[in-house]
S.K.: 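Here you go, one structure.
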Amino acid sequence: MSAPLCLGSSPAGAEHTHPARSDGVGRGGRGLRRRRRTQRRALRLLPPLRRPRPLLRPRDSALVIVLTDADGVDELFFGDEGIVKGLCTGASVLIRSTLLPSQLEKLEQKLAGEKKDALLLDGYIFSGLSDELKQQIVVVASGRQDVAERARQFFNGLDKTIYFAEAMYLGVRAGIHPSIIYDIISNAAGSSRIFVELVPKLLSEDPLLIDFLNSSKKNASYVMDMAKAVIFPLPLLGVAYQQLIHGSSEVTGDVSASPLMVWEASFGVNIVDAASQQIYDASKLADQLVMESKSAKRIGFIGLGAMGFGMASHLLRSGFYVVAYDVYKPTMVRFDDLGGSTKGSPEELAKDVEILIIMVANEFQADSVLYGSAGAVPVLSAGTSVILSSTVSPGFVIRLNKRLEAECRDIKLVDAPVSGGVKRAADGTLTIMASGTDEALHCAGAVLSALSEKLYIIKGGCGAASSVKMVNQLLAGVHIASAAEAMAFAARLNLRTRRLFEILQHARGYSWMFGNRVPHMLDNDYTPYSAVDIFVKDLGIVSSESSNSKIPVHVSTIAHQLFISGSASGWGRYDDAAVVKVYETLTGVKVEGKPPLLSKEDVLHSLPAEWPEDPMDDLVSVASRNSKKILVVLDDDPTGTQTVHDIEVLTEWPVEALVEQFLKLPTCFFILTNSRSMTADKAMLLVQTICRNLEAAAKNVPGVSYTVVLRGDSTLRGHFPEEADAAVSVLGEMDAWIICPFFLQGGRYTINDIHYVADSDRLIPAGETEFAKDAAFGYKSSNLRQWVEEKTRGRVSEKQVSTISINLLRKQGPNAVCQHLCSLEKGSVCIVNAASEKDMAVFASGMIQAELKGKKFLCRTAASFVSARIGIKPKPPICPNDLGLKRALTGGLIVVGSYVPKTTKQVDELRSQCGQSLRVIEVSVEMVSMKSTEDRDQEISRVVELGNAYIQSRKDSLVVTSRQLITGRTPEESLEINYKVSSALVEIVRRIDSKPRYIIAKGGITSSDIATKALEARRAKVMGQALAGVPLWQLGPESRFPGVPYIVFPGNVGDNSALAKVVRNWASPSRISTKQLLLNAEKGGYAIGAFNVYNLEGVEAVVAAAEAENSPAILQIHPSALKQGGVPLVVSCIAAAEQSSVPITVHYDHGTSKSDLLQALEMGFDSVMVDGSHLTLGENILYTKIVSSLAHAKGLLVEAELGRLSGSEDGLTVEEYEARFTDVAQAEGFIDETSIDALAVCIGNVHGKYPPSGPNLKLDLLKDLRALTLKKGVSLVLHGASGLPHELVQECIDLGVRKFNVNTEVRNSYLESLKKSGKDLIQVMSSAKEAMKAVVAEKLHLFGSAGKA
C-alpha cells in the first residue's frame, strides 16, 4: 500500500504556524516521521515556509493531506504543477483549510471532474491536549461514508483517535499579583487550556503569543464568515474578534504594534511590570497561618443552602460546636438531626459565638442577616471574627469592613469566598481564598483549614480575596456562555453535538466549564447545580467593579447580557448551562445531543433466534429437592413481586418468622425491605440485619440453604453497590455478583451490554431517560459495565465486569452459561444481557447448574429474574370475579405518591377517563413537607375527612400528591422530602377508617409504607397480577383491612392508560341490566321481585331488604307515581341502584302513553313496559313495535302486555268484563312483530285485591305460554302478585315466571304504619320504611331470589 503524503503551506486557520514550536502540526509531523520508520509508511511533511512542486509530491501516495488557506487552493490543486496531475488512481485527499462549505463543495465537484476516482475529505488536525490523548495527533474528518472508510486505514496509524486578557487586567487593577491569580485560577472552575498555556506567555512577553493572537484573529475571521453564511449570531466571538482587531490596530512606522501594548494602553495596566513585582506564595502563607492560628470551638453559621449545609455539617463532623440558622426550616431540622444546634434568627445565633460564618446568596442577604431586623452584629461579642464566604463584590467587603471597624468592638472581618461545589463542601475539600488583617486571619485559620483542601492567603486586606473570586467568576461565566455559543453554532452547522463534545475535550478550546456544563446542554437537563441567576449576580459584580476600576470588559459584558436574557426568559432558576436556551430560542436550533432512536421491533428482530428448548421444565424442582436451596428476595420496594404468584411476602424479619418460613421449604419468598426510601447508611444496616437473621434461621432448619437476590429497580435506581457490600459483609464473599435488570413487562431490555427502556415502539438507553435523573439515585451510563464502574466509583472498572451475551444465551444455551459462571474469578461482577423471557430462563438454568456445583452468587436483579429462577409460569391478570368480589357498600381507594413522569401521565389519563365517577383529593406536598407541623396536620386531616366521606358514599377516591416535584438541594435532602410525603400518605391511610372495596398504591415507596405502616400487614400473599407487571396482594389477617385486595402499582410500569384500566377493572361494577337479571333468574330457576315505589322511604325499603337478603330486585315507577314524584323520584331510584351492594335495576311500569314513554327513555331507566293492552291487537303491535325499537337502540329491555288484567292500580280501573286472557297464537305473532324481551301475561291474575274466593289462575295456559316464550327467548312476567298464595307463586315460578310485580301489599304496609299516632316525622318515616322492608324481604324469599345476588 502506498503511503500518505502531507502537502501545503501554513493555512491561515492553522492553530500553529511555526515548525519549531513545542506543540502542534510541527511536532505532529515529527511524530508522523517516527511512525513511518516503525510502520514502513512514508509520510512527507513539507516545510511550511516554502512551497514545493505539488505535482512531484503526491505520486504513489494513496492519501494526500493538504494544509492550505482559501486563497491558494485553486493553484495548489489545479495549477500547471497542481496536485491533481500527480494523484494516483483511487487516491484520497484530506484538506485542512479555511474553506467555507460552499467552497469545499465546489472543490469536490471540480476534483471529480478532473480526477473521477479521487476522493475528498474535509479535515481538522490538532495535537491532543487532554491527559488521555497527550501528544497524540487527532484527526477529525468528514465526507462521504465510502471516502471515510477508505481513509480510515491510514488514520489507524495515528495512534488511537481520528476524529483570556480582561480577567488578568481586572485582577491586577484590583491589586492582586498576576502570578497569584494564575496559580489560583489554574486550579479553579475558571480554568481553561488557553488560560493555562497563554498567561505565562503574557507575563513573560513571549513573542509566540503575538503569533498566536494573529492566528486567532484569522481563525475568528473565518468563523465569522461561516456564521454570516449560515445566518447565526456569535456575539461573544464577535466582540472577541473586535478586541483582536483593536489589538493590531496601532501602527508604528511600517510595523503593527504589539496587541499587548494596545491593551495596556486601553486598560491602563502594565501587566508585565506587575508580574515583575515581588511575589509571595499564597499557599505557603496559608500553611503558616494554620500552624499559628488560634483555636475556636463555638461557630455560628448563617446560610444552610446547598454549599452552606455541606460546610456546616463538615465542621460538625470535625469536632466544632456549630449553631446554625437558615430561612428554610426543613434544612434546619435536618441539621438538628445531624447533632447540630439551630436558632430562630441571626440575633439568637450570634450570642456567644467565637466565629460567625456568612454563606448566603448575595449582598442584600448578607447585609440583612448582619444589620437587618434581628441581625447578628448588634449582639456579637467583642473580638468575634466574621467570615464572609458568600460571592459578593470587593467593594461590598471593603464597606462592610469599615462598618464593623466603626463598631469599635474589635469585630474582625475575613474575606473568604469559596469554590468547589456541593460535594467538596461536604467533604471539606473546598478551594478558599482568604484576606483580611493578620489578627483576623489567625483567629479564623483553623476553621478555614477544616473546610478546605486548598487555602490561599491573599495580601491586600479585605476585598482582595473577593477580587480573585471575581476574576474566577468572570472566566467561569464567559466559558459557560462561550460553550453555549459554540455548541449552538455546531447545531446550526448540523454537526453531531455529542460527538463534537467528545472531540473538543482533547482540543485547545477546552475549559473546565465546557467539560462540566456542556453535558447538561446535551442531555437537555437543567437541574440546578448552579443557576443562571447566580451568573447574573456574579457577572454583575464584574461589570460594577470594572466600571469602578475603569477597566473595559467587553466579552464578560456580553456574557452578562446573555445570562440576563436567559433570566428574563424565565430560566433564572435553571442550571447556568441553560444560557444555551438564549441561542436556541433566537435561532431555532437544538443543542440536545440525542442519539438516533432505535426501533424496538427492528432491534429485537435483528437478534439471533431464541434457544429452542425450555431449560426450566425439570431443573428447578430437581435443584430445590436436592439442595433445599430457597430463593430469598430482599425487595427494596413491593413492586418486585410483579412477575410471581402464590408467593409469600414478609414485611418483618425476626429469626422466628424466618425459621417458620424456611420450615415450609418454599421455592422462594420475599422480604420487603423498602430500603430504596432510606439513606445508603440505613439501607446497609438493614440488609446486614436481615442477612444475620437469615443465617441464624437457616442454622435452625437442617439441610436448608438459600440464595439471596437483591431485587432492585429495572431502571437501575437504588442502593448499589451499598446493599451488595452489606450482604457480602455478613454472608461472605461470593463467587460473583450477578447484575440482571431485564424486565419484559416494563419494557426493559439489555442488549450488547446497553440497558434500554422501551417507550412505545422505541428503545431509549436508560441513561437518557427521566429515571437516570432521579434526585437520589441518578446516573449517566447506559452501558451496564460502565454503570457498575460509575456506581462503584471506580472500585470495579468497566474492564473487570464480565458479560453474558445474548449470543451465548441463544446459540450455546444453559451449559455455556454454567461454564462461563464457573470460570469467573471469585468476587467478579457479571452482567446478563436478555431480551426475552426465554433468555432469562436459559440464564437461570445455567446459574442453577453452577449452584449445584457449589458456586455461590449474589444477585442484583429486576423482577423477571425471580420468576425465571423459580420456574414460575405466568397466569392471566386477576379480576374481581376471580376473588369472588361483589358489589361493595364502599368505594375504592387509590393512593399515588410516585413522581416519575410516567405516573403523572397515568394520573392525568385516569382523571380523564374516570373523572365523572372518581373523587380526587390532592395532597399539597408543600404543606406536608415544607410547612409547619400544624399546617401539615391540618392538610392530613382535610384529606382524611374527605376520603372517609367519599369511600362511605361508595365513590372511588384518588388521593394524589400535588404533581409539582419538590426536590432538596442535595440527594439526602430530597430523600428527606420523600420521607415526609410518604409518611403523610401513611398517616392519611392509617386514619381512614372506612373499609375500601379495594386499595391501589402507586409507587414503590408509597405501596410499601402503606402496607406495613398504614395497614399494619406483617405478611402477605402474592395472588398474581392485576395487570402485567402490577402485583396484587392478599394482606394477612392481622392487617387493618383483611380480605381487601391490595394492588401494588409500580411508578414506572404500563402505558399512559394502565392505571385507568386497573381502576375501571376494579371499580364497583356498573349496574346490571334488567335483561341480565331475568337471564340469571332463568338460569337459577327463581323469579325477580319488581316493587312499585312512590317516595324515598319506599326506595330505601326495597334496597335495604334486597341487601339484607343478598337478593337482586327491581324498583318500579308507575306513571301516576312519576307525575307526583317527577325526575327526583327517578334520580333517587337510579342513585340507590348504583350505590347498592346487590343488583338493582329501575323499571318504568305500565307506559300507556307514547309521549310519557319517550320521556322515560331519556330519564335513565333500565327497562320500560309498553302497555298497549287497552288497544286493539293491531294497534298494540304497532305501538309496542315503535317504542321497542327506540328502547332497544338505548340498550333497554322492553316488557309488553298481551291480554288485559282486571282490577284497580294507582287510580286506574279495569272492569272484569273488559279483562281478557292472553292468547297463545296472538302472543307468538306479537312477539315476532315487536321484538319484545319480556311478556306480561293475563292468566286470571288481577291488579289489586283478589276476590274473597281467591285467585283462579289458568296454569295450563301459563304452561303453553312458557313453551312459547322459552322458544322465543322472552321472559314471562306476572302482574298482580300481591295476595297470591305461596304455593301458587311457587307453581308459577316452576312454570317459568321470572318477574313478579308487587305493589298492593307493600303500599298497604306503608299506609298501615301511618295510622300509628304519637310519633314525629322521622319516626313515621322509619316505621314506614321498616314495614315495607319486611314485606319486600318476605317476597324475596318467596320468589327464591334471596341469596342469589
Side-chain angles (χ1 to χ4, degrees), residues 1078 1081-1082 1084-1092 1113-1114 1116 1118 1147 1149-1150 1169 1171-1174 1177 1180 1199-1210 1212-1228 1230-1231 1236-1272 1274-1308 1335-1336 1338-1346:
L1078 297 180
E1082 180 65 42
Y1086 59 88
I1088 304 295
F1091 304 90
N1092 286 76
I1114 297 174
Q1116 288 194 158
H1118 192 276
H1147 180 72
D1149 192 26
H1150 284 290
M1169 179 195 175
D1171 187 358
S1173 60
H1174 59 289
L1177 178 61
N1180 190 358
E1199 173 189 334
E1201 185 172 353
L1202 194 60
R1204 198 167 194 208
L1205 274 64
S1206 64
S1208 298
E1209 182 177 34
D1210 293 333
L1212 296 176
T1213 301
V1214 177
E1215 298 297 340
E1216 189 173 343
Y1217 64 85
E1218 297 179 81
R1220 57 183 178 272
F1221 293 125
T1222 303
D1223 182 275
V1224 176
Q1226 290 180 348
E1228 182 170 11
F1230 185 82
I1231 292 171
I1236 60 173
D1237 307 290
L1239 180 65
V1241 298
C1242 178
I1243 57 169
N1245 47 317
V1246 301
H1247 287 133
K1249 292 183 179 181
Y1250 284 93
S1253 60
N1256 182 19
L1257 302 185
K1258 305 293 186 181
L1259 297 180
D1260 289 342
L1261 176 57
L1262 180 60
K1263 185 177 181 179
D1264 293 340
L1265 289 167
R1266 164 65 173 174
L1268 171 65
T1269 55
L1270 188 62
K1271 181 178 68 174
K1272 298 292 185 180
V1274 171
S1275 298
L1276 272 177
V1277 180
L1278 198 66
H1279 291 200
S1282 294
L1284 287 177
H1286 291 191
E1287 299 81 4
L1288 197 53
V1289 169
Q1290 187 59 55
E1291 277 194 84
C1292 291
I1293 293 173
D1294 293 341
L1295 289 172
V1297 173
R1298 296 297 171 242
K1299 174 175 176 276
F1300 285 103
N1301 282 17
V1302 182
N1303 185 5
T1304 303
E1305 289 181 74
V1306 178
R1307 184 175 56 184
N1308 287 344
V1335 174
V1336 173
E1338 186 267 334
K1339 294 296 182 183
L1340 295 175
H1341 277 280
L1342 177 59
F1343 301 152
S1345 63

S.K.: Any idea which heavy atoms bring S1275 and L1078 closest together, and the distance?
M.R.: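 So the two residues come closest at OG-CB, 3.6 Å.
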S.K.: Step through the shown structure and confirm whether more than 12 heavy atoms of other residues, nucleotides or ligands are within 6.0 Å of NZ on K1258.
M.R.: no
S.K.: Could you walk me through whether L1295 and L1265 pass the side chain to side chain contact (heavy atoms under 4.5 Å, CB included) check?
M.R.: CA-CA 9 Å; L1295 289 172; L1265 289 167; over 6 Å; no
S.K.: Check this for me: does any side-chain nitrogen of one of R1266 and E1082 sit under 4.0 Å from a carboxylate oxygen of the other?
M.R.: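 Here R1266 pairs with E1082 in a salt bridge, since their nearest N and O are under 4.0 Å apart.
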S.K.: State the SG-CG distance between C1242 and D1223, to the nearest 0.5 angstrom.
M.R.: 12.0 Å
S.K.: Looking at every heavy atom in both F1230 and A1200, which two are closest together, and how far apart are they?
M.R.: CE2-CB, 3.7 Å
S.K.: Of the non-hydrogen atoms in A1087 and S1345, which two are nearest, and what is the gap between them?
M.R.: O-CB, 3.5 Å
S.K.: Testing N1301, L1239, V1297 for side-chain contact (heavy atoms from CB on, under 4.5 Å) with V1277, which one passes?
M.R.: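 Single pass found, and it is N1301.
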S.K.: side-chain contact (heavy atoms from CB on, under 4.5 Å) with F1300: which of I1088, I1293, I1114?
M.R.: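 Only match with F1300 under side-chain contact (heavy atoms from CB on, under 4.5 Å): I1293.
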S.K.: Side chains of F1091 and N1303, heavy atoms from C-beta outward: is any pair under 4.5 Å?
M.R.: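 No; the side chains remain at least 4.5 Å from each other.
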S.K.: Counting N and O atoms only, with roles assigned by atom type, does the side chain of S1173 sit under 3.5 Å from a partner on the main chain of L1202, one being a donor and the other an acceptor?
M.R.: no
S.K.: Between E1201 and H1174, does the side chain to side chain donor-acceptor pair (under 3.5 Å) criterion hold? Intermediate values first, please.
M.R.: CA-CA 10 Å; E1201 185 172 353; H1174 59 289; over 6 Å; no
S.K.: Hey, what's the ring geometry for H1118 with H1150, parallel, tilted or perpendicular (30° and 60° as the breaks)?
M.R.: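 Taking H1150 first and then H1118, their aromatic rings sit tilted (interplane angle of 30° to 60°).
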S.K.: Given 3.5 Å as the limit, does a donor-acceptor pair link the side chain of R1298 with the main chain of V1274, or not?
M.R.: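 The answer is no, because no donor-acceptor pair under 3.5 Å joins these two groups.
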S.K.: Nearest 0.5 Å, what's the CG-CG distance between L1268 and D1264?
M.R.: 9.0 Å
S.K.: Could you tell me the separation between the CG atom of D1237 and the OG1 atom of T1269, rounded to the nearest 0.5 Å?
M.R.: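 With rounding to 0.5 Å, CG (D1237) is 12.5 Å from OG1 (T1269).
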S.K.: Working to the nearest 0.5 angstrom, can you tell me the gap between E1291 CD and K1263 NZ?
M.R.: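 Answer for the CD-NZ pair, E1291 versus K1263, is 11.5 Å.
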S.K.: Using side-chain heavy atoms (C-beta onward) and a distance below 4.5 Å, is E1199 in contact with I1236?
M.R.: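 No, too far: nothing below the 4.5 Å cut-off.
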S.K.: Does some side-chain heavy atom of N1092 sit less than 4.5 Å from a side-chain heavy atom of D1149?
M.R.: yes
S.K.: Under 4.5 Å between any side-chain heavy atoms of V1241 and L1276, yes or no?
M.R.: yes
S.K.: Any chance you could measure L1288, atom CG, to L1259, atom CG, to the nearest 0.5 Å?
M.R.: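 It comes to 6.0 Å.
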S.K.: Decide yes or no for M1169 and Q1116: does some side-chain heavy atom of the first lie under 4.5 Å from some side-chain heavy atom of the second?
M.R.: no
S.K.: Checking the side chain of N1180 only, and the main-chain atoms of G1172 only, is there a donor and an acceptor separated by less than 3.5 Å?
M.R.: yes
S.K.: Working to the nearest 0.5 angstrom, can you tell me the gap between C1292 SG and I1243 CD1?
M.R.: 5.0 Å
S.K.: How far apart are the closest heavy atoms of G1344 and Y1086, and which atoms are they?
M.R.: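 Looking at all heavy atoms of both residues, the closest pair is O-CB, 3.4 Å.
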